[in-house]
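Working notes, structure below.
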Amino acid sequence: MLFYTHLLFGVAFFLVVRQFAPEISTPIFLVFILFGSILPDIDEPKSRISRWSGIFGKIIGLLSKHRGFFHSLLFIALLYLILNYFFGYYYGLAVVLGFLAHIIGDGLTPMGINLFYPFVEGRIQGPIRTGSWSEKILMGSLLAFILYMVF
Ligand SMILES: [Zn+2]
């Protein structure tokens with residue numbers, strides 16, 4: 001999925017959460033969801049998050065294959081525990097939600113994701129090719145959903 005599709009999924013997730021739990025749905029909560037929604041692609045050297053993170057992104061790109069560890073439940077569980085410990089439950093929850101938004105997007109592509117990496121091999125896949133017209137339709141649908149939820 002493209003960078004902007006991941007962000008749109010993140011915003012859509014935020015708006016759904018806001019519907020059920022408006023008290024926690026602050027702008028900072030949205031920022032952390034958006035962070036979670038682009039973070040997994042740190043394992044892809046050409047992604048924005050990898051380039052933004054400089055040497056850190058380069059090292060991760062060398063050590064991890066794309067859509068391996070950084071797209072797994074193991075990664076998000078560890079990240080949640082770290083965020084929960086240092087910053088509190090609230091920020092951990094937001095990043096987990098963003099991560100789930102990312103995973104749903106990548107799970108719709110033919111390359112798919114391996115959620116149980118490295119324990120079980122088995123991909124969740126879909127028909128939407130990254131950058132294709134079907135992804136553009138998905139982007140348009142997400143945008144329409146977001147506009148509907150906002151107005
Ligand atoms: Zn990804």
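Each ligand, and each atom within it, is numbered from 1 in the order the structure gives. Source: prediction; values computed, not measured.
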Name of whichever N/O/S atom of [X] is nearest to the Zn ion (ligand 1):
X      : result
Asp106 : OD2
His102 : NE2
Asp41  : OD1

task = State whether Asp43 contributes an N/O/S atom found under 2.8 Å from the Zn ion (ligand 1).
result = no

message = Under 2.8 Å from the Zn ion (ligand 1) - does any N, O or S atom of His66 fall there?
response = no

message = What's the separation between atom OH in Tyr91 and atom CD1 in Ile33, rounded to the nearest 0.5 Å?
response = 12.5 Å

key: Stepwise side-chain hydrogen bond (donor to acceptor under 3.5 Å, both in side chains) check, His71 with His102   = CA-CA 9 Å; His71 287 66; His102 185 101; 3.1 Å; yes

query = For the rings on Phe35 and Trp52, is their centre-to-centre separation under 6.0 Å?
reply = no

ask   = What about the rings of Phe29 and Tyr90, do their centers lie closer together than 6.0 Å?
value = yes

key: Thr109 and Arg67: CA distance, side-chain angles, deciding distance, side-chain hydrogen bond (donor to acceptor under 3.5 Å, both in side chains) verdict   = CA-CA 12 Å; Thr109 65; Arg67 297 195 186 176; 2.8 Å; yes

